[in-house]
Amino acid sequence: MNRRCDRLDKNGILSLIFVCKCCCLRIRTSIQHHQSNDQADILIPAVCSKLVVDQKFLIRAITEKKPYVSREKKFKEAIDTLCQQKRLKEAIQILDLLDRSRTCPTAAIYSALLQLCLQQRALEDGRKVHAHFKVSGFVPGIFISNRLLDLYSKCESLADARKLFDEMTERDLCSWNTMISGYAKAGQLEEARLLFEGVPGKDNFSWSTMISAYVRHDQPHEALELYRRMQKEEKLQCNKFTVSSALAASAAVPCLKLGKEIHGHIMRTGLASDAVVWSALSDMYGKCGSVEEARHVFDKMLDRDIVAWTTMVGRYFESGRRKEGFELFSELLRSGIRPNGFTFAGILNACSADAAEDTGKQVHAYMTRIGFDPFSFAASALVHMYSKCGNIDSARRVFEGMPQPDLVSWTSMISGYAQNGQPEEAIRYFELLLRSGTKPDHIAFVGVLSACTHAGLVDKGLEYFHSINEIHGLKHTADHYACIIDLLSRRGRFQEAEGIIDKMPMKPDRFLWASLLGGCRIHGKLRLAKRAAEALFEIEPENAATYVTLANIYATAGMWDEVAKVRKIMDNRGVVKKPGSSWIKIKRDVHVFLVGDKSHPKTKEIYEFLEKLSKRIKEEGYVPDTNFVLHDVEEEQKEQNLSHHSEKLAVAFGVISTPPGTLIKVFKNLRTCVDCHTAIKFMSKIVGREIIVRDSNRFHHFKDGSCSCGDFW
DNA sequence: TTAGGGTTAG
């Protein structure tokens, strides 16, 4: 064998290793004797990795009679190899072998093991290593203790960390700082602060950890105060960490003045070369409402890393400057810098908000091309985007490709199905979620409750509602109450609804009252409508929708005096009804329509077609529903108003501008009205098209004369 | 051996 190795070149030996595991040890010895150093450097790790393929080889490697190295060294080598390959479980098992061979692990062995535990956040394995100290009589030094401390605090096992910390006979700044950062991460700010105050000779690290802790837990003023104290008390030279945490604090307050002060400091001290400091700076300007300044800083950055790009793109979206956001994203793609999960999540989220499925699809294609992590939140952002765009089938395809869907993706699916008129599927997914072992949170419950509402499954909904605290031990939120009131009042179960409202532990919010008011509109419940509206007037007197709904309820009951009164209050308070508008994208152009809009170049064709269509749908049985018109005008006039609602104009334009059979997708800024809903159902049948209307609340898929929402919206 | 910036669900 030795001679054979001698004759073989590097590749030959490598192939030999893979063919014959048993020879590994001998091969290794041979390499040591016969190969040049640089070749041995490559070959030895390869042999070692083969050596520890299983326990048998390991034992043989270690207990071999004529070892060419010491036992400790062999153990260390084996553990190093396992750690390199991230095979934690097997590495931990070596501790048993050590015991059996009565070998005392060295600090280096423990250190390597703990590092791997840290990487994999393996708390239990870390505990095993810790427990092994006692067995082997090992007394850890500061280095090992700190590592263990870090592991415990990163795994949020603070009791363990604190016990160890208190037991340590010697501590350095790192021990203190690690402990503080553990408390800070877990949100135990008071504990962190107490410890922080006790740190002898605080360094930059201590200060920046504490400042960031306050920022992260929504106490930006405390963070700023601490930064000021640091400047006053300590003679410390600010470093990139303290500066960026102080910038984050100014961004969170927000305090542009201090931010600018720090900016000046950065320019004077040369901290500007750090990518994170630059990013924090542009982040600060963005959050202090100065996107222009943020862009200015961004443009001046020498090394713009992906985080800087992501931040800047996000800044544009956040401030409603979507076009510039998308433009900068295209620039990023051209720059050759590879976007990451955060970038994709940000851009996909913007697509979801706009229901810009075309862009979202392009991003998806790009992600697929460069490869994305199906475990990441970029994947869940994709699910969210498709479901928000009403393309629940694509959402499901992405979802099914995820090895382990996270709660966000589950919730996106549940809400997506609920919003797109498939409440049974929503409920099925919720049940699957329960079985998957992922714990639902309050938002997942909002999803399933709204599904029950749309399916009209009152009792099922009540069952879920009660299970929230009875089975899942979660507290009911105001949202849950709003959902359950929506569920009950849509079905006319007002007595139960009122009973719940009067007994609920928190003040009903605007969503709850708005749901109740909506239910009252369906069932013509005057007294309760008044109660809901009055509550809403108090919470949000500027919201025109409340006045309009209340007036409509009175109008339906023929109580025109009351209608007039509501209108008068509305005028007195200066509340203006938000104009309804609908838009449709044909090829690359977006066409926007208002009520009775005549500004479109194709107005003549649109109105003529709509006229023809109105006749046809009336023949099919459509009766204009004039109840829901605010003004007390003549019937014929009402009909006129109705037939030129923005969504009807957009649908009509869609039909005449696209080839037969094309899907029509219309967006509306407000909820669609009852009459349009009925009319579009008929239209879908007459023109033989699938029509999707996304209103401010949900998706309506119209097909063959019916709508996916089952007339609940 | 300790740390800072970006992201998703109604």
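Below, read A as the first sequence line, B as the second, and so on, with proteins coming before strands; counting in each chain starts at 1.
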From the options [options], select the nucleotide whose nearest atom is closest to the side chain of [X].
X	options	value
A:Val408	B:dA9, B:dG4, B:dT1	B:dA9
A:Val307	B:dG4, B:dT8, B:dG6	B:dG6
A:Asn177	B:dT1, B:dT7, B:dT2	B:dT2
A:Asp274	B:dT8, B:dG4, B:dG6	B:dG4
A:Ser208	B:dA9, B:dA3, B:dT2	B:dA3
A:Thr310	B:dG6, B:dT1, B:dT8	B:dG6
A:Phe377	B:dT7, B:dG4, B:dT1	B:dT7
A:Asp406	B:dT8, B:dG4, B:dG6	B:dT8

Original post:
What about A:Ser279, does its side chain sit under 3.5 Å from the base of B:dG5 through a donor-acceptor pair?
Top reply: yes
Would you classify [X] as touching base, sugar-phosphate or nothing, given that sugar-phosphate means primed atoms plus P, OP1 and OP2, and contacts are heavy atoms under 4.0 Å?
X	result
A:Ser415	sugar-phosphate
A:Ala275	base
A:Ala308	base
A:Arg171	nothing
A:Asn340	base
A:Asp150	sugar-phosphate
A:Ser380	base
A:Val383	nothing
A:Ser245	nothing

Are the aromatic ring centres of [X] and [Y] under 6.0 angstrom apart?
X	Y	answer
A:His476	A:Phe465	yes
A:Trp207	A:Phe196	yes
A:Tyr285	A:His296	no
A:Phe344	A:Phe372	no
A:Phe430	A:Trp410	no

Write down the distance between [atom1] ([X]) and [atom2] ([N]), rounded to a whole number of angstrom.
X	N	atom1	atom2	answer
A:Met301	B:dG6	CE	P	13 Å
A:Phe329	B:dT7	CZ	P	15 Å
A:Ile180	B:dG4	CD1	P	14 Å
A:Phe317	B:dT7	CZ	P	12 Å
A:Tyr214	B:dA3	OH	C1'	17 Å
A:Asn146	B:dT1	CG	C1'	6 Å
A:Arg147	B:dA3	CZ	P	11 Å
A:Leu151	B:dA3	CG	P	12 Å

Subject >> Student check: side-chain heavy atoms of A:Lys668 and A:Leu670 closer than 4.5 Å >> reply: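 Touching, per the 4.5 Å side-chain cut-off.
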So, OP1 or OP2 of [N]: does either fall under 4.0 Å of a side-chain N or O from [X]?
X	N	result
A:Lys154	B:dA3	yes
A:Asn349	B:dT7	no
A:His384	B:dA9	yes

Original post:
So, A:Ser157 and A:Arg127: side-chain donor and acceptor under 3.5 Å apart, yes or no?
Top reply: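 A:Arg127 and A:Ser157 do have a side-chain donor-acceptor pair below 3.5 Å.
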Original post:
Going by 5.5 Å between centroids and 30° between planes, is there a stack of A:Phe205 over B:dT2?
Top reply: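 Yes; by the centre-distance and plane-angle rule, A:Phe205 counts as stacking on B:dT2.
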